[in-house]
Amino acid sequence: MEDTSSHAKTVRTYALLLLFVLLRPFGNLSLAWGTKHFPQTLSIHPLVYIRAMLDPFVALGIAMLILSLLTRLALLSLADLSFVLPVTAIGYVLATLFGKLFLHEDVTTRQWLGTVLIFMGTALVGSTARNTTKYAEES
Amino acid sequence: MKWLLLSIVVGATALSDLLQSHEMKRAGEQSIGARGLARLLKTIVRRRELILSIVCLAISFFAFMALVQAQPLSFAVPASAASFILETLLAKLVLKEQVGMRRAGGALLVLGGIVLLAR
């Protein structure tokens, strides 16, 4: 593998990662906002789901989450699942932040401590090799 | 009901991710440019395991919709990350990815954080 192409691949991997990290929490926020303001309780009945999905916030959230899924599919073709998963955990932190800021949820000290742990774990995993199975095949 | 919905979200997500990663590695590298996206969609249609993965994802998603409606976002999203340990384990056992000390440690820290967040 040439240096330039492996560098381009690294840049592309991190660009996709950034896009995914932003799309998912915003999608979740929009979805949460939409469903929480939806008058009916979501149950097994499919008709209620269809009606809920016509809500503009729910629809926007779903569109963003679908785009984030496609981004992630591309990401998984470049890097290991065990690399992709922990790095994208930053989305969980953003979701908690959005919950507090936009949905006025109570977030305790304990929960913020959890947020710090997630950041530390994310940083640790981000410093390891991207794709181990591919390297194993080449050697 | 809260825990039943969460179990459905976690189980279906883990299965979907496993199928996705396995199949996309076999399909080769993809990009999401205009042409890349068309190729990606074609790949999805051609591979049965990817369709199955999307079905799992849909099940997980509808359960998540019901969960996020009834529970706070700051619970629903972190709690759904309980799929983490299951997936990292499956990545090692089924996909034969090398999960080294730093990666495993990082994943465990993230998991510890998620446990604290979820309470």
Side-chain angles (χ1 to χ4, degrees), chain A residues 9 12 16 25 28-29 31-32 35-36 38 41-43 49 52 58 62 65 69-74 76-78 80-86 89 91-92 95-96 98-100 103 105-108 110-111 113-128 132-134 136, chain B residues 17-18 20-22 24-25 27-32 36-37 40-41 43-44 50 54 57 61-62 64-66 68-70 72-78 80-81 83-84 87-88 90-92 95-100 102-119:
Chain A
K9 208 166 91 174
R12 201 168 62 195
L16 285 172
N28 278 334
L29 174 66
L31 185 75
T35 51
K36 281 177 196 303
F38 187 70
T41 305
L42 294 171
S43 61
Y49 271 98
V58 174
I62 290 173
L65 289 172
L69 164 70
L70 292 176
T71 309
R72 217 180 77 124
L73 274 177
L76 283 173
S77 73
L78 289 166
D80 278 350
L81 178 62
S82 49
F83 168 80
V84 171
L85 278 178
Y92 303 120
T96 303
F98 287 4
K100 184 177 169 60
L103 302 172
E105 293 168 1
D106 287 328
V107 181
T108 62
R110 188 198 188 98
Q111 286 176 306
L113 190 67
T115 306
V116 173
L117 275 186
I118 289 173
F119 267 121
M120 282 162 56
T122 305
L124 193 65
V125 172
S127 62
T128 61
T132 53
T133 44
K134 183 141 289 170
Chain B
D17 281 337
L18 197 71
Q20 253 185 53
S21 185
H22 182 244
M24 291 312 287
K25 284 278 162 46
E29 290 183 5
Q30 312 281 329
S31 68
I32 57 159
L37 200 66
L40 183 60
L41 289 175
T43 306
I44 292 170
L50 282 181
I54 288 168
L57 205 68
F61 179 73
F62 287 124
F64 179 74
M65 255 175 94
V68 90
Q69 185 187 37
L73 185 67
S74 53
F75 168 80
V77 175
S80 69
S83 59
F84 248 92
E87 288 180 6
T88 306
L90 290 175
K92 185 171 171 57
L95 301 177
K96 311 288 180 206
E97 291 179 6
Q98 293 166 23
V99 182
R102 281 167 81 173
R103 258 197 215 194
L108 279 178
L109 270 182
V110 170
L111 186 81
I114 286 158
V115 168
L116 283 177
L117 273 182
R119 286 205 181 159

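Here the shortest heavy-atom pairing between Leu73(B) and Gly99(A) reads CD2-N, 4.1 Å.
When atom types are taken as modelled, the side chain of Gln69(B) and the backbone of Thr35(A) share a donor-acceptor pair closer than 3.5 angstrom. Not a single donor-acceptor pair under 3.5 Å links the side chain of Ser21(B) to the backbone N or O of Leu18(B). Judged by distance alone, with hydrogens and angles left aside, the side-chain atoms of Glu105(A) form a donor-acceptor pair with the main-chain N or O of Ser74(B) at under 3.5 Å.
Only the side chain of Leu65(A) comes within less than 4.5 Å of a heavy atom in chain B; its backbone stays farther off. Contact of Phe61(B) with chain A is made through the side chain alone, with heavy-atom distances under 4.5 Å. Proximity to chain B involves both the backbone and the side chain of Leu113(A), based on heavy atoms less than 4.5 angstrom apart.
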